[in-house]
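We number each residue from 1, following the sequence as shown. Just so you know, these numbers use all the heavy atoms, side chains as well, and skip hydrogens, waters and symmetry mates.
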Amino acid sequence: MHRLLGFLLCLWLLVGCASSGKKSDLKVHHINSLASVQNNDGSFLGLEYLADPIPEKLKNRVNIVYLHGIGWTEDRNAQALGSDFLQGIANAYKLDEAKELDFSRCGESPLRPGISPKPFIHIKSSSPRYYDTAIRGSQIKLNEIACLDKQVLTIDDNLEFVLYRVFWDTIFWNEVQFAHVGQDDHQGSSMEIAGLRRKYNRILKDDLVNYGFSDAVMYLGPAGVEIRNAVSGAMCAAALDAAGIEFKTLGSSVTHDTVCRQASHNNLSVNQFAFVSESLGSKIIYDVMTDALTDGVETIHDDMIRGSETYMLANQLALLSLSDLSLELKTPIELTSDKDRPKIIAMSELNDFLSYELVPFYEQLWRRTIRPDNRYSPNMSEPMRRKLIQKLGFEMIDMRLEFADKIIPLVKGFVDPKQAHSGHSDEPELLLYMLCGAQNGQLNDKECLATEIAK
């Protein structure tokens with residue numbers, strides 16, 4: 001058993017080093033809605049249909065907040081955060097990458113000459129945070145918590161996407177994680193000891209544990225509060241920018257509470273926001289949204305969430321919700337109308353080790369939990385589903401996908417788990433779903449520019 005486990009874990013990384021890069025065809029097994037008793041009748045709008053008119057202009061715009069998951073997104077051996085997603089959108093509309101896109105990291109100079117630097121801003125804590133450590137009385141200090149940047153992707157005279165990328169990983173790695181596990185990664189002064197490992201064991205230790213699991217462990221502890229503050233503050237800065245108050249007006253850095261007060265008290269008029277999250281980012285953005293929907297105060301976050309769609313790539317809500325167990329009843333979600341209720345679209349590759357579909361998760365949790373009005377619920381009628389959705393505050397849509405390639409061509413029983421977890425944006429057809437949405441379990445290919453171009 002141990003040998004098999006070791007073999008499977010090594011295969012996770014082998015394909016990243018030896019894959020031919022060939023992509024398999026996307027298979028959509030179903031698109032299910034938590035609201036429906038039927039199978040494969042789920043619907044969502046898609047980014048094109050979320051776009052609304054820019055004030056005093058004829059062009060439509062949608063603002064997208066992109067949030068990463070586990071892993072070191074600033075690793076120079078990997079592509080910059082959101083590169084596959086941006087490139088996938090560009091490819092869907094047959095745009096020229098050289099003219100439209102820049103894949104530099106937050107706060108850095110463009111990778112190619114002749115391109116203007118992307119606007120960016122750093123988000124700080126309201127005051128420095130000090131965390132006691134395994135050496136009692138010895139503390140770690142955390143102040144800066146995120147970097148946010150912006151890139152505009154113009155599709156044509158009538159449509160544009162504005163992408164806001166939220167980077168928190170490098171700051172937390174440098175200030176918190178490095179002191180715990182940085183002595184054993186294959187970087188800097190620790191290369192000598194890490195270099196003694198066998199090649200794929202070394203890669204596995206870094207990618208899966210040092211830069212991976214450590215993120216989730218850290219998030220589930222007290223530092224998770226600051227990660228949520230980072231994302232919350234980044235959302236406020238994005239809202240101000242979307243309303244015309246640019247990053248440079250706010251300064252090179254701003255505290256999360258200051259920028260959120262400014263955004264919430266300015267009566268901003270912004271285009272519709274949407275959210276894209278990877279892996280651990282799904283739990284982070286979900287927690288930020290539920291905090292906003294339970295705080296009893298109307299803020300800019302409520303405006304941004306209202307009517308939004310969140311596309312969760314390889315979500316980890318079911319797994320990480322185990323950390324939400326509490327001895328006290330939590331504040332209920334504020335009731336919203338059907339029109340304003342945000343929608344979560346979970347795009348899950350069925351061979352991904354870390355993802356779980358949301359509809360069966362919430363159905364099972366509903367059936368097996370005790371409530372004052374109903375101790376056990378053996379069936380899930382549509383009225384009961386509506387009640388569950390009201391309690392959650394979100395409409396839930398599952399896309400059960402299959403696209404990962406076989407690692408060894410003649411071995412049919414195992415596909416690349418790394419691709420299954422992080423390869424969503426490399427699938428052109430899946431990008432079409434994100435851009436054009438779905439109607440009754442099928443890709444919407446009517447009156448959507450992306451599907452018209454693809455025909």
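The closest side-chain donor-acceptor pair between Asp185 and Tyr211 falls under 3.5 angstrom. For the residue pair Asn158 and Asn60, no side-chain donor N or O sits within less than 3.5 Å of a side-chain acceptor on the partner. Gln316 and Ser279 share a side-chain donor-acceptor pair at under 3.5 Å. No side-chain N or O of Gln442 forms a donor-acceptor pair with one of Asn440 less than 3.5 Å apart. Between the side chains of Asn229 and Glu226, at least one donor N or O lies within less than 3.5 Å of an accepting N or O.
With sequence neighbours excluded, the residues that form a salt bridge (charged side-chain N to carboxylate O under 4.0 Å, His left out) with Arg306 are Glu298, Asp303. Taking Gln177 as the reference, Ser214, Asp215 meet the side chain to side chain donor-acceptor pair (under 3.5 Å) condition, with sequence neighbours excluded. Taking Gln364 as the reference, Arg368 meet the side-chain contact (heavy atoms from CB on, under 4.5 Å) condition, with sequence neighbours excluded. Asp291 is linked by a side-chain contact (heavy atoms from CB on, under 4.5 Å) to Arg228, counting only residues two or more places apart in sequence or in another chain.
Distance alone, capped at 3.5 Å, is enough to place a donor-acceptor pair between the Glu349 side chain and the Asn351 backbone.
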Could you walk me through whether Asp207 and Lys418 pass the salt bridge (charged side-chain N to carboxylate O under 4.0 Å, His left out) check? CA-CA 10 Å; Asp207 285 4; Lys418 188 172 183 180; 3.6 Å; yes
Going through the checks in order, is the salt bridge (charged side-chain N to carboxylate O under 4.0 Å, His left out) test met by Lys283 and Asp287? CA-CA 6 Å; Lys283 176 60 172 166; Asp287 288 345; 3.1 Å; yes
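Taking the six-membered ring for Trp and the full ring otherwise, Phe85 and His424 have centroids separated by 6.0 Å or more. Between His68 and Tyr66, the gap from one ring centroid to the other reaches at least 6.0 Å.
Closest non-hydrogen pair, Asp302 versus Thr299, comes out as OD2-N, 2.9 Å. Heavy atoms only, all atoms of each residue included: Tyr356 and Asn315 are closest at O-ND2, 3.1 Å.
Below 30°, between 30° and 60°, or above 60°: for Phe353 and Phe414 the angle between ring planes is between 30° and 60°, a tilted geometry.
The stretch residues 256-293 participates, sequence neighbours left out, in these disulfide (SG to SG under 2.5 Å) pairs: Cys236-Cys260. Each disulfide (SG to SG under 2.5 Å) pair with one or both residues in residues 276-322, not counting sequence neighbours, would appear here, but there are none.
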